[in-house]
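First the structure, in the form of structure tokens, and then the observations on it.
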Amino acid sequence: METVKDMLSAWMRAGFESALAGTDADVSRVAVVPSAQPQFGDYQCNDALALGKALKQPPRALAQKALDACAPNESLERMEIAGPGFVNLTLKSDWLARQAQAMGADERLGLPDVGRGRTVILDYSSPNVAKPMHIGHIRSTVIGHALNRIHASLGYRVVADNHLGDWGTQFGILLAGYRRFLDAAALERHPVEELERVYVKSYELTRTDESWLAHCRQELVKLQAGDPESRAQWNRFIELSLGEFNRIYKRLGVTFDLFRGESHYNDSLKDTVALLEAKGLVRESEGALVAFLEEEKLPPCIVRKSDGAFNYATTDIATALARFEEFDPVRIVYVTDERQQLHFRQIFSIVHRLTGRGDTLEHVWFGLMRLPEGTFSTRQGNVIRLDALLDEAERRALDMVRQSSPGMPEAQQRAVARAVGIGAVKYADLSQNPQTTVTFSWDKALALDGNSGPYLQYAYARIASVLDKYAEQFPGQDWRGVPIAFNEPVERALGLALCRFPEAAARAAELFRPSVLADYLYDLAQTYSSFYQNVPFLKAEPGVRESRIGICALVAKTLRKGLAMLGIETPDRI
RNA sequence: GCCCCAGUAGCUCAGUUGGAUAGAGCAUCGGAUUUCUAAUCCGACGGUCGGAGGUUCGAGUCCUUCCUGGGGCGCCA
């Protein structure tokens, strides 16, 4: 289905195009946007102002000419020119009702199929092997998965790849420490925790003991040379870590299509560097092989260290090339924290020089999460484990459910608490533009009221309950046969909000910002709550009743689909 | 020192890429439940959009400069 915004934009653009035929004005950017305020109608077009300036014509007259040139449009109630030259458009309420109904009947809920035949690769979560996942990992994981569901809903073929940190110098330290410090019983109980303890202990020793440091380097060389015993142990580290990661992913409902760690590209690093050399993109400097990026005004980027070993830059370049080769994606999206901005800019430049496809690469970054008392670090011991965060979220939600639904069976209370607790944590990260530093607080991450996941889930559950009550109170009757109508102002506002769902979803995908969709859903839920509180439906007169139940059902469908696109569940009861 | 990012109500954040009177949540205060789930709704309070210049019909948004905070800057990832 075409979105209302696209329909009106195309219509408006055509008007400007024929009104301005013969001039060299660029009308390709003409579009409508949702009105700033309800009194200005439903959508507005501001382009007469800019075009008037470019053509040295009075904007109001230009807007009038464009409107005169527009084809008749059956969706519109009013078209007005206001202020310095805004075009305000008001939709017919009955057209809006038909549009909403059509959206509800559409199996895609009106979402445009913009991704058909296109592949997007999403690189998210990507934790390091042998380290527990902590709250710093949640943003990449949750935002990445939401982008996954959003793109898939718009018809894209999504390849979600967990680019595990399973290679690098830390494994020398870990292998050496494993042989000397391992507590086998502890490994049995909490494998990843024990691996981390061993790593930290070994790392500390490298700082005071030269010979230990040399030993660690040797272990790394052995691993990289393919020593069977080292490889076997390394494989075990990965296996143990994946076991633990997968438990958390399952809890979060987060999925991947591939788990290709950095090591997956080891064999192609040599060829990648050879290619860079052949293309003359690198030269030797102080013993290392370096790409100089003066044209892009970026600092140099090392692709082979002076000891001959490759580094993460090499791996990331090789990874991008391999992904182009295998999947031919329209986009490769990396979801990481802000510290990697420069790194990816360098990588993107180099890949662009190699392939000319640099604009395919997209870095979606988010601000670091920190604690009120400062940054967290393993050494300070103030790391909050992801497990612990989720436990606390579910505990708080369970308190709430027990209070509000004491009659609910225990098992169901727990299931609801799980969905609500996890939903609250996810929504806290998804509902805001991620590009700000976040100070973690339990109360904020686990908020259950206001602009929160549970608010949206609550709105959904109330509708599910209403639909059941309708079936109970009016057996044999069906609201589905009665067309919906928007009579009350709040109903019309709800209708307008419903019709904007596809626009919000498309925009969220375009900007790689789930928060755009979250904002939309919150607005929809708010409008619905106002409707719910102020307009009777089960007690409304027959006919009106059915129309309103139909509106409720449509809101429920939209909330359910929208929340699913954010990776948030919608229990029928809360 | 250089580069990147951020600064909007007491707090946490929106602000559709330059448009009309800058909006939500939390907190505070006042109301609403014989009625569809009060995790709700209705209302009030709250702003020099970090400061100063500039660009133009029009700036929270663009340019310059300064202040504050965060991050980064060739052999960690």
Side-chain angles (χ1 to χ4, degrees), chain A residues 5 31 33-37 39-40 44 46 49-50 52-53 59 82-86 88 126 128 165 167-170 262 285-292 297-307 309-313 315-316 336-343 345-346 365 367-368 370 375 397 400-401 403-405 420 428 431-433 435-439 441 443-444 447-452 454-455 457-459 461-470 473 503-504 507 510-511 515-516 519 522-523 526 529-540 548-549 552 573-574:
Chain A
K5 181 179 171 176
V33 295
S35 288
Q37 293 180 58
Q39 68 208 31
F40 300 140
Q44 65 182 76
N46 305 327
L49 290 105
K53 188 177 187 175
F86 302 106
N88 292 338
S126 308
N128 287 324
W167 200 249
T169 48
Q170 75 267 27
E262 293 165 16
S285 167
E286 295 171 37
L289 202 60
V290 182
F292 289 90
K297 292 187 177 141
L298 294 171
C301 177
I302 291 179
V303 298
R304 192 180 65 208
K305 301 193 276 184
S306 52
D307 66 0
F310 304 115
N311 62 4
Y312 64 105
T315 307
D316 277 344
T336 81
D337 73 57
E338 60 186 340
R339 289 174 303 185
Q340 303 202 34
Q341 281 180 86
L342 175 59
H343 166 67
R345 226 177 286 175
Q346 292 175 316
W365 57 268
L368 228 43
R370 57 180 74 282
T375 52
M400 196 75 149
V401 176
Q403 210 177 333
S404 65
S405 305
V420 169
S431 63
Q432 64 175 270
N433 179 348
Q435 299 185 345
T436 53
T437 308
V438 166
T439 301
S441 88
D443 287 336
K444 201 188 146 204
L448 302 175
D449 57 359
N451 188 358
S452 70
Y455 177 90
Q457 291 171 318
Y458 179 66
R462 290 207 289 190
I463 302 176
S465 173
V466 164
L467 295 178
D468 287 353
K469 286 245 159 65
Y470 177 88
Q473 291 176 23
E503 295 167 21
R507 197 173 138 72
E510 240 172 71
L511 301 177
S515 63
V516 170
D519 272 355
Y522 180 60
D523 180 66
Q526 264 190 132
S529 294
S530 179
F531 167 70
Y532 177 90
Q533 205 77 26
N534 297 304
V535 177
F537 22 94
L538 286 179
K539 291 187 189 268
R548 288 182 180 159
I549 297 293
C552 285
R573 292 289 183 278
I574 283 189

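Atom set for the values below is all heavy atoms of this structure, side chains included, hydrogens, waters and symmetry mates excluded.
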Original post:
How should the glycosidic conformation of B/U17 be described, syn or anti, under the criterion that syn lies within 90° of 0?
Top reply: syn
So [X], base contact, sugar-phosphate only, or nothing? Heavy-atom distance under 4.0 Å.
{"X": "A/S530", "value": "sugar-phosphate"}
{"X": "A/E510", "value": "nothing"}
{"X": "A/A461", "value": "base"}
{"X": "A/A82", "value": "base"}
{"X": "A/K297", "value": "nothing"}
{"X": "A/V420", "value": "base"}
{"X": "A/N433", "value": "sugar-phosphate"}
{"X": "A/L49", "value": "base"}
{"X": "A/A313", "value": "nothing"}
{"X": "A/L511", "value": "base"}
{"X": "A/E262", "value": "sugar-phosphate"}
{"X": "A/V401", "value": "base"}

Whole angstrom value for the distance that separates [atom2] of [N] from [atom1] of [X]:
{"X": "A/R345", "N": "B/C73", "atom1": "CZ", "atom2": "P", "value": "13 Å"}
{"X": "A/N534", "N": "B/C36", "atom1": "CG", "atom2": "P", "value": "15 Å"}
{"X": "A/E338", "N": "B/C5", "atom1": "CD", "atom2": "C1'", "value": "7 Å"}
{"X": "A/H343", "N": "B/C5", "atom1": "NE2", "atom2": "P", "value": "18 Å"}

Whole-Å [atom1] distance, [N] and [M]:
{"N": "B/C49", "M": "B/U61", "atom1": "P", "result": "10 Å"}
{"N": "B/C45", "M": "B/C11", "atom1": "C1'", "result": "15 Å"}
{"N": "B/C76", "M": "B/A14", "atom1": "C1'", "result": "37 Å"}
{"N": "B/G18", "M": "B/C62", "atom1": "P", "result": "7 Å"}
{"N": "B/C5", "M": "B/G50", "atom1": "C1'", "result": "15 Å"}
{"N": "B/G46", "M": "B/C29", "atom1": "C1'", "result": "12 Å"}
{"N": "B/G43", "M": "B/G25", "atom1": "P", "result": "10 Å"}
{"N": "B/G10", "M": "B/G51", "atom1": "P", "result": "13 Å"}

Original post:
For the residue pair A/H343 and A/Y312, does the interplanar ring angle fall in the parallel (under 30°), tilted (30 to 60°) or perpendicular (over 60°) class?
Top reply: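 Tilted, since the angle between the ring planes falls between 30° and 60°.
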Original post:
Could a donor-acceptor pair under 3.5 angstrom be found where the side chain of A/N88 meets the base of B/A20?
Top reply: yes
Subject >> For A/E338 against A/L368, the heavy-atom pair lying closest together >> reply: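 Looks like OE2-N, 3.3 Å.
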Original post:
So which heavy atom on A/R573 is nearest to which on A/A464, and how close?
Top reply: NH1-C, 3.9 Å
So does [X] get a side-chain nitrogen or oxygen closer than 4.0 Å to the phosphate oxygens (OP1/OP2) of [N]?
{"X": "A/S306", "N": "B/C75", "value": "no"}
{"X": "A/Q526", "N": "B/G25", "value": "yes"}
{"X": "A/K305", "N": "B/C76", "value": "yes"}
{"X": "A/S431", "N": "B/C13", "value": "no"}
{"X": "A/Y458", "N": "B/A39", "value": "yes"}
{"X": "A/Q341", "N": "B/C4", "value": "no"}
{"X": "A/R462", "N": "B/A38", "value": "yes"}
{"X": "A/K469", "N": "B/U37", "value": "yes"}
{"X": "A/Y455", "N": "B/C41", "value": "yes"}

Original post:
Are side-chain N/O atoms of A/Y458 and A/S529 paired as donor and acceptor at under 3.5 Å?
Top reply: no
Subject >> Sequence-distant partners of A/L467, side chain to side chain contact (heavy atoms under 4.5 Å, CB included), two or more places apart >> reply: A/I463, A/W479, A/I549, A/A553
Original post:
Under 4.5 Å between any side-chain heavy atoms of A/E286 and A/S306, yes or no?
Top reply: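 A/E286 does not reach A/S306 side chain to side chain.
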Original post:
Can you tell if the side chain of A/Q533 reaches within under 4.5 Å of the side chain of A/S530, non-hydrogen atoms only?
Top reply: no
Subject >> 5' priority, RNA chain B, between A/W167 and A/D519 [closest heavy atom] >> reply: A/D519
Subject >> Pairwise 5' ranking along RNA chain B for A/S515 and A/V535, keeping only the more 5' one >> reply: A/S515
Ring-base stacking, [X] with [N] (5.5 Å, 30° cut-offs):
{"X": "A/F537", "N": "B/C36", "result": "yes"}
{"X": "A/Y522", "N": "B/A24", "result": "no"}
{"X": "A/F86", "N": "B/A20", "result": "yes"}

**OP:** Let me have RNA chain B in dot-bracket notation, would you? Count Watson-Crick plus G-U wobble pairs, both distances under 3.5 Å, and use [ ] for pairs crossing earlier ones and | for inter-strand partners.
**Re:** (((((((..((((.....[...)))).(((((.......))))).....(((((..]....))))))))))))....
**OP:** Answer with yes or no after comparing the ring centroid distance for A/F537 and A/Y470 against a 6.0 Å cut-off, counting only values under it.
**Re:** no
Original post:
Between A/Y522 and A/Y455, is the gap from one ring center to the other below 6.0 Å?
Top reply: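 Ring centroids of A/Y522 and A/Y455 are less than 6.0 Å from each other.
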Original post:
Taking everything shown except A/Q403 itself, do over 12 heavy atoms lie less than 6.0 Å from its CD?
Top reply: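 Result for CD/A/Q403: open.
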Original post:
Between A/D519 and A/R507, is there a salt bridge with N-O shorter than 4.0 Å?
Top reply: no
